[in-house]
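These numbers come from the heavy atoms of this one structure, side chains and all, not from hydrogens, waters or symmetry mates.
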Amino acid sequence: MFFLTRIFKHYTKPKNENSVRFRREMAKKLDKRAIKYSSRRDESMGETIIGKNGMINLRDGELILISSDKVVFRCKIDELRASELMSLEGVILSGPNLEQQGAEDSVVAYYTDFYKMVTKV
């Protein structure tokens with residue numbers, strides 16, 4: 001039964017990254033993720049560290065990235081564009097940042113890696 005459920009989820013997974021369903025499922029996947037540090041991307045694709053130690057939370061239809069005890073990025077889930085890095089060590093969050101009066105913003109959040117800490121013990 002587990003096998004059939006897994007196949008069903010695979011074939012019903014949203015493929016269109018611009019769909020509201022895809023954005024909501026991606027946000028659910030990111031909810032409660034611990035963050036090692038976050039950085040802001042600029043036009044020249046450079047990155048500037050804007051905070052360390054934080055978390056991604058969902059609240060009232062918004063995705064909120066907290067880093068260094070302050071809200072760094074806040075965006076409505078239906079307007080959020082999120083894509084994981086190829087290394088799967090973090091996520092790129094883009095969209096109108098409500099912390100900057102709705103200005104378009106792009107932030108990279110790098111996950112805390114608990115798996116490496118567990119294997120070292």
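- In summary, Lys29 and Glu84 engage in a salt bridge, as defined by a charged side-chain N under 4.0 Å from a carboxylate O.
- A donor-acceptor pair is defined here as one N or O able to donate and one able to accept, closer than 3.5 Å; such a pair exists between the side chain of Ser67 and the backbone of Lys52.
- Partner of Leu93 under the side chain to side chain contact (heavy atoms under 4.5 Å, CB included) criterion, out of Val108, Leu80, Asp105: Leu80 alone.
- In this structure the side chain of Arg24 reaches within 4.5 angstrom of the side chain of Asp78, judged on heavy atoms.
- For the atom pair CZ (Phe22) and OG (Ser83), the distance works out to 8.0 Å, reported to the nearest 0.5 Å.
- The nearest pair of heavy atoms linking Asn97 to Arg74 is OD1-N, 3.1 Å.
- Criterion: ILVMFWY side-chain heavy atoms under 4.5 Å apart, direct or through other members. Under it, Ile35 and Ile64 are not part of a common hydrophobic cluster.
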Applying side chain to side chain contact (heavy atoms under 4.5 Å, CB included) to Val72 and Arg40, what does each step give before you reach the verdict? CA-CA 9 Å; Val72 174; Arg40 178 163 283 124; 4.1 Å; yes
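- To the nearest 0.5 angstrom, Glu79 atom CD is 12.5 Å from Leu63 atom CG.
- Nearest heavy-atom pair, Tyr110 versus Ser39, reported as atom, atom and distance to 0.1 Å: CE1-OG, 3.9 Å.
- A pairwise comparison of heavy atoms in Glu62 and Leu98 identifies OE2-CD1, 3.3 Å as the closest pair.
- Once rounded to the nearest 0.5 Å, the distance linking CD of Glu104 with SG of Cys75 reads 8.0 Å.
- Nearest heavy-atom pair across Arg81 and Arg23 is CG-NH2, 3.9 Å.
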Side chain to side chain contact (heavy atoms under 4.5 Å, CB included) assessment of Ile92 paired with Leu85: CA-CA 7 Å; Ile92 302 168; Leu85 299 175; 3.7 Å; yes
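- Just one of Val91, Asp31, Ile66 meets the side chain to side chain contact (heavy atoms under 4.5 Å, CB included) condition when paired with Ile56; it is Val91.
- Linking ILVMFWY residues whenever their side-chain heavy atoms come closer than 4.5 Å, directly or via other members, places Leu30 and Leu58 in the same cluster.
- Of all the heavy atoms in Lys32 and Met55, the pair that sits closest is O-CE, 3.6 Å.
- Here the closest non-hydrogen pair linking Tyr111 and Lys36 is O-CE, 3.5 Å.
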